[in-house]
Q: 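For reference, the structure I am asking about is given below.
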Amino acid sequence: MNNILAPSILSADFLKLGEQIKMVSDAGAKYLHIDVMDGMFVPNISFGIPVINCIKGNTDMVLDVHLMIVEPERYYEKFKAVGAEILTVHLEALKDPSNSLKKIRELGMKPSVSIKPATKAEDVFPYLELVDQVLVMTVEPGAGAQAYIESCTDKIKAVREEITRRGLNVDVQVDGGINEKTIKTVMDAGANVFVMGSSVFNGNPYEQTKKYVDIIK
Ligand code: DX5
Ligand code: ZN
């Protein structure tokens with residue numbers, strides 16, 4: 001299983017977005033994590049399609065789009081059109097998860113399903129065959145720079161164990177509060193895709209990315 005760093009641009013300096021994306025890419029990050037918030041599914045509003053459209057074609061990194069929006073199905077085609085390669089949707093936002101995840105695959109994107117800290121690991125088990133990635137949120141979605149919720153460690157383990165038990169090739173992504181202190185914990189628990197917002201962008205994005213890419217090697 002490949003370990004992958006996914007810097008989250010939520011904590012980037014938007015006036016220097018192009019420059020900072022190049023820095024994390026040059027330093028070895030393989031995914032660019034893009035947090036879309038609608039002020040409904042989560043209290044905050046971040047950014048959306050026009051910003052992703054500007055990034056499209058300007059980086060080799062995989063565009064890993066994390067939708068924190070209600071009724072995400074309304075926008076699947078639009079996210080595909082602006083270059084989303086992995087599309088993460090929240091289980092809590094889906095009326096018919098199986099259909100929704102199949103739709104993402106049909107459109108040519110990799111489906112990924114996410115669960116909030118209060119949602120049980122077992123709740124994603126029925127969908128493991130339909131996804132390329134499970135995102136276990138390790139903070140309450142909606143904002144960067146929050147503290148890692150310790151009780152999520154067992155959930156990461158439970159999801160990874162079930163994936164292994166079924167012999168599936170599914171990535172386990174973690175998002176929220178990942179830093180120098182918590183990265184080893186989540187890696188040992190079975191995560192292999194690491195989203196990092198403030199840990200990467202609150203310092204020099206190139207140096208920070210390099211440091212974390214080395215840690216997960
Ligand atoms: C939070 C977002 C995260 C956020 C993580 O809802 O999904 O991707 O950027 O930020 P950090 O790494 O600072 O906790
Ligand atoms: Zn995210």
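The structure presented is a predicted model; accordingly, all values stated were derived computationally and were not measured. Counting convention: from 1, in listed order, for ligands and their atoms alike.
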Q: Could you report the tightest heavy-atom contact between Phe201 and Pro7, atom names first, then the distance?
A: CE1-CB, 3.9 Å
Q: Evaluate the side-chain proximity of Lys217 to Asn3: yes if any heavy-atom separation is below 4.5 Å, no if none is.
A: no
Q: What's within reach of the Zn ion (ligand 2), meaning protein N/O/S atoms under 2.8 Å?
A: His33 NE2, Asp35 OD1, His66 ND1, Asp175 OD2
Q: Side-chain contact, heavy-atom cut-off 4.5 Å: Ile178 with Tyr212?
A: no
Q: Counting C-beta onward and ignoring hydrogens, is there a side-chain heavy-atom pair between Val51 and Phe14 closer than 4.5 Å?
A: no
Q: Within the distance-only criterion (no hydrogens, no angle test), does the side chain of Lys30 pair as donor or acceptor with the backbone N or O of Val62 below 3.5 angstrom?
A: no
Q: Would you mind reporting whether Pro111 and Leu130 have side-chain heavy atoms less than 4.5 Å apart?
A: no
Q: If every non-hydrogen atom of Ala6 is compared with every non-hydrogen atom of His33, which pair is closest and at what distance?
A: O-CB, 3.6 Å
Q: Given side chains that start at C-beta, do those of Gln173 and Asp64 come closer than 4.5 Å, heavy atoms only?
A: yes
Q: Evaluate the side-chain proximity of Leu32 to Ile55: yes if any heavy-atom separation is below 4.5 Å, no if none is.
A: yes
Q: Note every protein N or O atom lying under 3.5 Å from an N or O atom of ligand 1, pairing the names and giving the distance.
A:
from, atom 1, to, atom 2, distance (Å)
ligand 1, 6 (O), Gly142, N, 2.7
ligand 1, 7 (O), Asp35, OD1, 2.9
ligand 1, 7 (O), His66, ND1, 3.3
ligand 1, 7 (O), Asp175, OD2, 2.8
ligand 1, 8 (O), His33, NE2, 3.4
ligand 1, 8 (O), Asp35, OD1, 3.1
ligand 1, 8 (O), Asp35, OD2, 2.7
ligand 1, 8 (O), Asp175, OD1, 2.7
ligand 1, 8 (O), Asp175, OD2, 3.0
ligand 1, 9 (O), Ser8, OG, 2.8
ligand 1, 9 (O), Asp35, OD2, 3.2
ligand 1, 12 (O), Gly197, N, 2.8
ligand 1, 13 (O), Ala145, N, 2.8
ligand 1, 13 (O), Ser198, N, 2.9
ligand 1, 13 (O), Ser198, OG, 2.5
ligand 1, 14 (O), Gly177, N, 2.8

